[in-house]
Amino acid sequence: MNIIVAKDYAGFSEKAAQVVASQLTLKKNSVLGLATGSTPLGVYAKLIQWYKQGKLDFSSVSSVNLDEYVGLPRESDQSYYYYMNENFFKHINIDVSRTNLPNGLAADVEAECKAYDTKIKALGGIDLQLLGIGHTGHIGFNEPCEEFPKGTHRVTLDHKTIEANSRFFASEKDVPKQALTMGIQSIMSAKAVLLMANGEGKAEIMYKALCGPVTPKVPASVLQLHERLYVVGDEAALSVIKEKHPELIG
Ligand code: GLP
């Protein structure tokens, strides 16, 4: 595990974007596993900036997103499809036909989940998976549970997640109750993983995830088993780890 610490959100975004940029330098046609939420917004902004400066080329990149809400049409400004297009895809030269998100409106959810896993395999797997972390310790939308889920599946969101994500919706009752998410096995099969966190609100869960026992009750804790895990956080998000395990922070 490599932990990279930045002073603030700007520094965090730049350092995390550097990991992505390095991946693209090593492999032009990388398969990127992409994440949503507020955490990676600055990372996408930085990547867009470097693309506009001619430093990055996304023309041969493919992408698979972690998750999508069930029941929101793509045009909804809260769908992750909309988020990805608005905050990233439309600003870079990625071929949109090579971008993938689970379809939260699929009539046959099981078939959709299977097809998504098949798609990831057909792409040759994920080269670099970007991850945020939820307050429950979720990655993608894999909420605390009794057993790590394997492939893409439908989940019922934890009330804490609904509460946290309600800030993007008119009210809490407008937050979808379910989502489709890549499973833990899909995430762990990525060749490298970049876990990103910023802000004090993530400090305790980052400590539990990276220094606590590996348990499906803290889904992100499974990342301790990944051979190529890069963690980028700002000082606030890494403060509890620094206090209790200073030797982990460079
Ligand atoms: C969302 C997403 C996750 C994200 C997490 C944290 O619900 N499904 O992929 O990492 O919650 O969100 P934020 O970055 O806004 O704190």
Side-chain angles (χ1 to χ4, degrees), residues 6 8-10 12-13 16-17 20 32-46 63-72 76-84 86-88 100-104 113 116 126 128-145 149 152-169 172 174-184 186-188 190 193-210 218-223 229-234 236-238:
D8 52 18
Y9 187 67
F12 151 79
S13 301
V20 181
L32 297 179
L34 298 177
T36 54
S38 48
T39 306
L41 284 171
V43 182
Y44 293 139
K46 203 75 211 163
S63 72
V64 279
N65 259 79
L66 281 166
D67 46 15
E68 178 60 283
Y69 287 117
V70 166
L72 289 188
S76 158
D77 61 2
Q78 289 312 326
S79 77
Y80 286 166
Y81 179 89
Y82 185 92
Y83 170 110
M84 288 311 303
E86 284 304 304
N87 294 306
F88 198 30
N100 301 278
L101 283 101
N103 176 8
C113 292
Y116 205 66
I126 298 164
L128 177 66
Q129 177 65 58
L130 276 61
L131 292 176
I133 184 167
H135 291 96
T136 59
H138 75 216
I139 45 176
F141 266 133
N142 291 280
E143 297 286 19
C145 57
T152 304
H153 60 290
R154 175 167 39 188
V155 284
T156 297
L157 301 179
D158 194 283
H159 71 274
K160 263 196 184 173
T161 300
I162 293 179
E163 205 182 292
N165 289 2
S166 66
R167 67 190 194 279
F168 301 115
F169 291 80
E172 203 172 302
D174 296 312
V175 184
K177 307 288 174 285
Q178 293 192 319
L180 301 186
T181 181
M182 265 186 214
I184 294 294
S186 322
I187 294 170
M188 289 297 283
V193 174
L194 168 61
L195 174 65
M196 307 171 288
N198 72 287
E200 210 187 329
K202 298 286 171 70
E204 194 61 45
I205 195 64
M206 282 294 280
Y207 170 69
K208 280 192 188 149
L210 299 178
V218 183
S221 65
V222 75
L223 297 172
L229 170 64
Y230 302 89
V231 180
V232 182
D234 65 357
L238 298 173

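Ligands are counted one by one from 1 in listed order, and the atoms in each one are counted from 1 as well. Only a predicted model underlies this, so the values are computations on that prediction, with no experimental measurement involved. Side chains included, hydrogens not; waters and symmetry mates left out as well; all remaining heavy atoms used.
- Ligand-side atoms of ligand 1 in range of F141: 7 (O), 8 (N), range being under 4.0 angstrom from any heavy atom.
- Regarding atom 14 (O) of ligand 1, its nearest protein heavy-atom neighbour is T39 OG1, 2.5 Å.
- Under a 3.5 Å cut-off, the side chain of Y116 and the backbone N or O of H153 do not form any donor-acceptor pair.
- Side-chain N or O atoms of E68 include one that pairs as donor or acceptor with a backbone N or O of Y80 at under 3.5 Å.
- When only interatomic distances are considered, the shortest N/O to N/O separation between D67 and ligand 1 falls below 3.5 Å.
- Distance alone, capped at 3.5 Å, is enough to place a donor-acceptor pair between the N142 side chain and the M182 backbone.
- With respect to atom 2 (C) of ligand 1, the closest heavy atom belonging to the protein is Y80 OH, 3.7 Å.
- Looking at atom 3 (C) of ligand 1, its nearest protein heavy atom turns out to be G140 O, 3.5 Å.
- Applying the 4.0 Å criterion to heavy atoms of N165 picks out, from ligand 1, the atoms 1 (C), 7 (O).
- For Y81 (side chain) and G104 (main-chain N/O), no donor-acceptor pair under 3.5 Å exists by modelled atom type.
- In terms of protein heavy-atom proximity, atom 16 (O) of ligand 1 is closest to K202 NZ, 2.6 Å.
- Contacts between L131 and ligand 1, counted as non-hydrogen atom pairs separated by less than 4.0 Å, are absent for every part of the residue.
- When heavy-atom distances to ligand 1 are checked against a 4.0 Å cut-off, S38 comes that close through both its backbone and its side chain.
- Nearest non-hydrogen protein atom to atom 5 (C) of ligand 1 is H138 NE2, 3.4 Å.
- Using a 4.0 Å cut-off to heavy atoms of G132, the atoms of ligand 1 that qualify are 10 (O).
- A donor-acceptor contact shorter than 3.5 Å is absent between the side chain of D67 and the backbone of L180.
- Separation of atoms CG (L157) and NE2 (H138) is listed at 8.0 Å; rounding is to 0.5 Å.
- Scanning all protein heavy atoms for the shortest distance to atom 4 (C) of ligand 1 gives T36 O, 4.0 Å.
- The protein heavy-atom contact nearest to atom 12 (O) of ligand 1 is G37 CA, 4.0 Å.
- Partner of E143 under the side-chain contact (heavy atoms from CB on, under 4.5 Å) criterion, out of T181, T156, T161: T161 alone.
- Residues passing the side chain to side chain contact (heavy atoms under 4.5 Å, CB included) test with F169, sequence neighbours excluded: Y69, L72, Q78, D174, V175, P176.
- Under 4.0 Å from ligand 1, not a single heavy atom of Y83 appears.
- Among residues two or more places apart in sequence or in another chain, the ring-ring contact (aromatic ring centres under 6.0 Å, His included) test is passed with Y207 by none.
- The environment of CD in E200 is sparse: at most 12 heavy-atom neighbours from other residues, nucleotides or ligands sit within 6.0 Å.
- Among all protein heavy atoms, the one lying closest to atom 6 (C) of ligand 1 is I133 O, 3.5 Å.
- With a 4.0 Å heavy-atom cut-off, ligand 1 is reached by the side chain of R167 but not by its N, CA, C or O.
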